[in-house]
Structure formats: structure tokens, C-alpha cells
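Here is the structure we will look at, set down as C-alpha cells.
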Amino acid sequence: MMEPTHDEAHGGALGARLNWLRAAVLGANDGIVSTAGLVVGVAGATTDRGTLLTAGLAGLLAGSMSMAAGEYVSVSTQRDSERAALALERRELREQPEAELEELAEMLEQRGLSPDVAREAAVQLTARDALRAHARVELGIDPDELTNPWHAAWASFLAFTVGALLPLLAIVLPPVGVRLPVTVTSVLAALVITGWSSARLGAARPGRAVGRNVVGGALAMGVTYAAGALLGAAGV
């Protein structure tokens with residue numbers, strides 16, 4: 001009889017995976033809303049397909065590069081902080097090992113272990129890998145899996161690009177007469193999906209998240225279309 005297998009992710013691995021998925025969904029959502037607002041606004045002023053394509057592509061590239069650069073800077077700062085914390089912990093372990101052992105035992109005790117068990121666990125963890133034990137228990141950091149700014153930058157770039165492609169294609173591919181309703185319908189449907197996905201990843205009820213997403217996207221398109229129509233009527 002075969003032993004049952006158990007492949008469920010736990011702890012930091014699951015949390016990191018959910019964070020990446022949530023970031024991807026939010027990046028795609030930003031791409032959808034910002035590009036939809038841009039192309040719908042331009043559509044309010046002109047029906048020229050070339051103009052719409054140029055504006056949409058410019059918005060897609062500018063947005064995706066901005067997202068990637070911002071994520072790279074943010075995650076690089078986080079990585080630098082993690083490295084600095086690990087360097088400080090490494091020095092403290094070298095200079096005052098007994099105090100660090102007591103600190104680790106106290107933290108394990110605060111997590112529900114009895115004093116004797118906490119002390120024994122701290123001793124064993126320290127003997128195996130003191131830095132790793134303190135990094136995980138005290139700092140919440142896995143020394144082997146520090147945040148990677150390049151991964152974050154590429155993920156944000158791709159997520160935004162995928163999201164932005166929907167309104168861009170929806171505004172330039174259909175005939176002029178149905179261009180706007182196709183775009184609005186496609187964008188609102190996509191916002192329902194991203195709102196539901198982000199809510200489920202955060203273990204929240206999807207109704208409110210979907211509502212916020214749809215209302216925000218509809219408002220963005222309505223405002224930019226009105227501005228584009230006014231500018232087009234004024235001959236700007």
C-alpha cells in the first residue's frame with residue numbers, strides 16, 4: 001500500500017507565492033485601467049486608428065517600464081535591508097553567542113514552547129545553523145531566498161503589459177462603430193476577473209473588491225472620454 005503524499009506548501013513558501021500572484025494580478029489591473037483610460041480618452045477626441053494605436057503603445061511602454069523600474073528600486077531597497085539585518089545578526093552571533101542563544105530561546109518560548117523545550121530547541125537550532133535559525137525566527141528572513149529585484153521588475157513589466165494589451169487591442173481592432181462599446185465591455189469584464197482574483201488571493205469576499213474595481217475602471221474611462229470629447233470638440 002502506497003504512503004499518502006502531502007505536497008501542500010507551507011509557511012514562507014506559500015506566503016511568497018501568494019504575494020507574487022497578488023502583485024501580478026494588481027499589475028495587470030493597473031495595466032488595464034491606465035491604458036483603457038488613455039485610449040478611451042483619445043477615442044473621445046478622434047477615431048483615427050493610427051493615433052489610437054500610437055497613444056496605446058506609448059501608454060503601454062511607459063507604464064510597463066515605470067512599473068518595472070519602481071518595483072526594481074523598491075525590492076532592491078528591501079534586499080539591501082535584509083542583507084544589512086543578516087550582517088548585523090552574523091556579527092552579534094560572533095561577538096555575543098550566549099546572549100543570542102538566550103534571545104532565540106525566549107522567542108521560541110513566546111511562540112508557545114515551554115521554557116525547557118524552547119531552550120533545547122534553541123540549542124539544537126544554533127548547533128545546526130545559528131544564522132539561519134535567528135534569521136527565520138527573529139527576522140522572518142530565509143537567507144537562501146532573499147527577494148530578487150530583477151524577478152520583481154520582470155514580473156511587474158509582464159503583468160502590466162498583459163493587462164494593457166486588452167484595451168489596446170479592443171480599441172484598434174474592431175470597426176469604428178463598435179470600437180468604444182467593445183473596449184468598455186472588455187475592460188469591465190477583465191476588471192471583474194482581476195477584482196475577484198485579488199479578493200480570493202487575499203481570502204476576502206469578492207463582491208466588494210469586484211465592485212471597487214469595476215466602478216474605478218468605469219469612472220476612469222468616463223472621465224478621460226469626457227475630457228477627450230471636449231478637447232476634440234474644441235479642435236485641440
Side-chain angles (χ1 to χ4, degrees), residues 1-30 64-160 194 197-206 208-209:
M1 182 176 180
M2 295 181 62
E3 291 293 329
T5 58
H6 188 61
D7 298 326
E8 181 183 359
H10 290 89
L14 179 59
R17 185 180 304 171
L18 289 177
N19 285 336
W20 279 106
L21 288 172
R22 191 177 296 112
V25 170
L26 293 177
N29 191 78
D30 287 343
S64 58
M65 293 299 294
S66 176
M67 287 283 291
E71 196 69 15
Y72 179 83
V73 171
S74 174
V75 175
S76 293
T77 301
Q78 180 183 344
R79 186 183 180 92
D80 291 342
S81 298
E82 291 173 344
R83 285 175 168 171
L86 289 173
L88 176 61
E89 197 63 40
R90 189 179 290 109
R91 188 184 70 190
E92 291 177 343
L93 286 168
R94 183 175 60 251
E95 295 176 353
Q96 43 189 3
E98 287 301 322
E100 289 298 300
L101 177 61
E102 292 298 328
E103 182 183 38
L104 181 59
E106 290 176 4
M107 287 186 292
L108 291 173
E109 186 176 344
Q110 290 170 2
R111 296 191 175 192
L113 298 181
S114 67
D116 291 341
V117 174
R119 173 74 183 187
E120 178 62 26
V123 170
Q124 292 190 22
L125 288 172
T126 299
R128 179 176 300 174
D129 192 327
L131 179 61
R132 184 186 302 278
H134 280 267
R136 289 182 171 177
V137 177
E138 181 180 349
L139 305 175
I141 298 174
D142 187 341
D144 296 328
E145 295 185 10
L146 298 182
T147 52
N148 189 312
W150 285 109
H151 289 173
W154 277 111
S156 294
F157 179 88
L158 292 174
F160 188 97
T194 56
S197 299
S198 62
R200 297 303 299 169
L201 288 171
R205 293 183 177 180
R208 186 173 297 178

Any pair counted as salt bridge (charged side-chain N to carboxylate O under 4.0 Å, His left out), so long as it reaches residues 98-108, sequence neighbours left out: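 Checked against salt bridge (charged side-chain N to carboxylate O under 4.0 Å, His left out) - neighbours excluded - the pairs reaching residues 98-108 are Glu102-Arg119.
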Residues forming a side-chain hydrogen bond (donor to acceptor under 3.5 Å, both in side chains) with Gln124, sequence neighbours excluded: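 Listed in chain order: Glu120.
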Those residues that, when tested against Thr194, pass side-chain hydrogen bond (donor to acceptor under 3.5 Å, both in side chains) (two or more places apart):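 Counting only residues at least two positions away or on another chain, Thr194 forms a side-chain hydrogen bond (donor to acceptor under 3.5 Å, both in side chains) with Asn29, Asn213.
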State which residues pass side-chain contact (heavy atoms from CB on, under 4.5 Å) with [X]; sequence neighbours excluded, sorted by chain then number.
X	result
Asp129	Leu131, Arg132
Ser74	none
Leu108	Leu104, Leu113, Ala118, Ala121, Ala122, Leu125, Val137

Restricting to non-hydrogen atoms, name the atom on [X] and the atom on [Y] that form the minimum distance, rounded to 0.1 Å.
X	Y	answer
Ala152	Val75	CB-CG2, 3.5 Å
Arg79	Pro149	CD-CD, 3.8 Å
Ala199	Ala209	CB-CB, 3.8 Å

Sequence neighbours excluded - ring-ring contact (aromatic ring centres under 6.0 Å, His included) pairs with any residue from residues 73-129: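 Those involving residues 73-129 do not exist here.
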Inter- and intrachain pairs under ring-ring contact (aromatic ring centres under 6.0 Å, His included), touching residues 72-99, at least two apart: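 ring-ring contact (aromatic ring centres under 6.0 Å, His included) check on residues 72-99 returns Tyr72-Trp150.
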Inter-residue atom distance Ser64.OG - Trp154.CH2, 0.5 Å rounding: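 Here the rounded value is 9.5 Å.
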Reported CG-to-CE distance for the pair Leu158 and Met67, which is rounded to 0.5 angstrom: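 Here the interatomic distance stands at 11.0 Å.
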Qualifying side chain to side chain donor-acceptor pair (under 3.5 Å) pairs with a residue from residues 81-94, counting only residues at least two apart or across chains: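 Counting only pairs at least two positions apart or across chains, the side chain to side chain donor-acceptor pair (under 3.5 Å) contacts touching residues 81-94 are Gln78-Glu82, Glu82-Thr147, Glu89-His134.
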Within 6.0 angstrom of Met65 CE, more than 12 heavy atoms from elsewhere: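 Counting neighbours around CE of Met65, 12 or fewer heavy atoms of other residues, nucleotides or ligands fall under 6.0 Å, so no.
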All salt bridge (charged side-chain N to carboxylate O under 4.0 Å, His left out) counterparts of Arg136, not counting sequence neighbours: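 Once residues adjacent in sequence are excluded, the partners of Arg136 under the salt bridge (charged side-chain N to carboxylate O under 4.0 Å, His left out) criterion are Asp142.
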